[in-house]
Amino acid sequence: MATSLQLPISISATSSSSLRARNTRKFAAFCSINAKAKVKIPIPPINPKDPFLSRLSSVAANSPETLLNRPVQNSDSLPYLDLFDEPKLMATPAQVERSVSYNEHRPRKPPPDLPSLLLHGRIVYIGMPLVPAVTELVVAELMYLQWMDPKQPIYIYINSTGTTRDDGETVGMESEGFAIYDAMMQLKNEIHTVAVGAAIGQACLLLSAGTKGKRFMMPHAKAMIQQPRVPSSGLMPASDVLIRAKEVMTNRDILIKLLAKHTGNSVEAVTNVMRRPYYMDSTTAKEFGVIDKILWRGQEKIMADVASPEEWDKKAGVKVVDELSL
């Protein structure tokens with residue numbers, strides 16, 4: 001049984017080796033005939049700047065029999081490496097870069113990351129909770145944009161839950177939001193703020209701190225103001241917990257005063273609505289003074305300034321018939 005199974009394998013291996021040997025002899029005979037007749041093998045067009053292809057084509061044209069002496073299968077040497085006087089790469093990176101066989105318009109360096117592309121358009125996107133890493137990046141971008149051009153506006157897009165997560169857990173100190181706010185107040189540029197998604201807590205303060213008349217909100221975005229939360233006390237002693245609670249109360253009073261300043265409401269009114277989380281849609285946020293305009297379909301189309309259907313009919317000369325008179 002074993003002998004019958006091994007027989008086809010040995011026959012196929014023998015036939016394969018004999019076929020390879022027969023093809024080799026045919027190619028060698030063809031090369032010898034062409035060498036005697038001094039007939040050159042036609043060479044396809046190649047890149048003249050590629051040294052490996054040039055050398056390989058010359059060897060194939062002058063002495064093609066050298067290409068038949070390939071290294072054995074288990075050899076450590078690379079095929080055709082002996083064509084060169086000394087071992088080297090087939091083509092250096094610089095030669096590949098200059099090669100006309102590749103796309104000449106491909107970038108010479110890695111593409112920039114998305115924040116860099118937005119920064120080129122003077123856009124700062126706050127899409128995470130206000131943790132120290134986010135604050136560092138945002139403040140640095142604001143300073144850089146002012147240094148680049150102190151007269152052009154800066155656009156801040158906000159989709160952040162502030163110093164807390166969506167479940168209310170504290171992830172950053174209130175000073176993170178105040179740091180971005182102070183940087184905004186020090187800039188000479190106009191600051192256009194746009195709420196995309198959510199602007200909660202300190203993020204709502206940043207939304208309202210934009211230049212008057214340049215504070216926008218998407219139609220389905222949400223804004224919410226709430227009191228600062230006490231971070232997890234952990235293993236703190238009672239005296240430290242009391243100190244931390246006093247600091248949170250101080251931050252609450254500062255947040256109330258700043259919101260009252262930018263929304264045009266009294267401190268008492270802001271204090272009353274902040275007793276519990278106060279959610280606002282785009283219309284309520286505009287009435288409360290957090291924003292000035294509502295963006296519709298990505299364009300600066302003010303919904304409140306759109307004429308009513310009756311006004312459109314009147315301007316078009318369409319006579320409106322009163323249903324009660326019929």
Side-chain angles (χ1 to χ4, degrees), residues 93-94 96-99 102-163 165-166 171-172 175-223 258 262 282 285-286 290-303:
V96 174
E97 191 71 22
R98 294 191 299 267
S99 176
Y102 291 85
N103 184 10
E104 297 180 356
H105 302 285
R106 71 188 189 282
R108 261 54 175 182
K109 56 184 179 179
D113 56 312
L114 187 57
S116 300
L117 292 175
L118 294 177
L119 191 65
H120 183 69
R122 305 187 65 82
I123 296 175
V124 178
Y125 178 58
I126 305 176
M128 296 178 63
L130 301 181
V131 296
V134 174
T135 302
E136 177 187 7
L137 178 61
V138 172
V139 173
E141 289 180 337
L142 294 176
M143 296 170 62
Y144 174 77
L145 291 176
Q146 180 185 231
W147 176 78
M148 288 294 294
D149 193 341
K151 297 182 180 180
Q152 293 295 325
I154 299 175
Y155 305 90
I156 301 180
Y157 286 77
I158 302 173
N159 182 19
S160 173
T161 57
T163 55
R165 298 193 310 187
D166 53 355
V171 295
S175 57
E176 305 298 337
F178 292 144
I180 299 177
Y181 172 83
D182 290 339
M184 293 171 59
M185 294 298 101
Q186 296 297 323
L187 296 180
K188 303 176 182 179
N189 311 69
E190 278 192 356
I191 300 179
H192 299 199
T193 56
V194 182
V196 182
I200 297 176
Q202 292 276 359
C204 187
L205 171 63
L206 301 181
L207 174 63
S208 65
T211 304
K212 288 289 186 179
K214 305 296 182 181
R215 303 173 302 174
F216 307 98
M217 196 170 182
M218 293 295 181
H220 299 95
K222 295 290 183 180
L258 294 179
H262 292 285
S282 57
K286 182 180 178 181
V290 176
I291 61 172
D292 303 302
K293 304 173 184 178
I294 302 173
L295 298 184
W296 182 251
R297 293 185 180 177
Q299 300 178 0
E300 297 184 5
K301 190 69 175 177
I302 307 171
M303 297 176 64

_side chain to side chain donor-acceptor pair (under 3.5 Å) between T163 and E176, worked out_ = CA-CA 8 Å; T163 55; E176 305 298 337; over 6 Å; no
Is any side-chain heavy atom of [X] less than 4.5 Å from a side-chain heavy atom of [Y]?
X    : Y    : answer
L142 : I156 : yes
K214 : E190 : yes
V196 : I158 : no
I126 : N159 : no
L206 : L130 : yes

State whether the side chain of [X] and the backbone N or O of [Y] hold a donor-acceptor pair below 3.5 Å, judged by distance alone.
X    : Y    : value
R122 : I154 : no
S208 : V290 : no
S160 : M128 : yes
T211 : I191 : yes
D292 : K212 : no

If I take atom [atom1] from residue [X] and atom [atom2] from residue [Y], how far apart are they, to the nearest 0.5 angstrom?
X    : Y    : atom1 : atom2 : value
Y155 : N189 : OH    : CG    : 10.5 Å
L207 : T193 : CG    : OG1   : 4.5 Å
K222 : C204 : NZ    : SG    : 13.0 Å
M148 : H120 : CE    : NE2   : 8.5 Å
I291 : M217 : CD1   : CE    : 5.5 Å
Y125 : E141 : OH    : CD    : 12.5 Å

_Quick check on K188: does its NZ atom have over 12 non-hydrogen neighbours (other residues, nucleotides or ligands) under 6.0 Å away?_
no
Extract all donor-acceptor atom pairs below 3.5 Å that involve side chains of residues 178-186 and protein atoms in other chains or at least two apart in sequence.
| unit_1 | atom_1 | unit_2 | atom_2 | d |
| --- | --- | --- | --- | --- |
| Y181 | OH | H262 | NE2 | 2.7 |

*Given V124 and Y157, is the side-chain contact (heavy atoms from CB on, under 4.5 Å) satisfied, shown in steps?*
CA-CA 6 Å; V124 178; Y157 286 77; over 6 Å; no
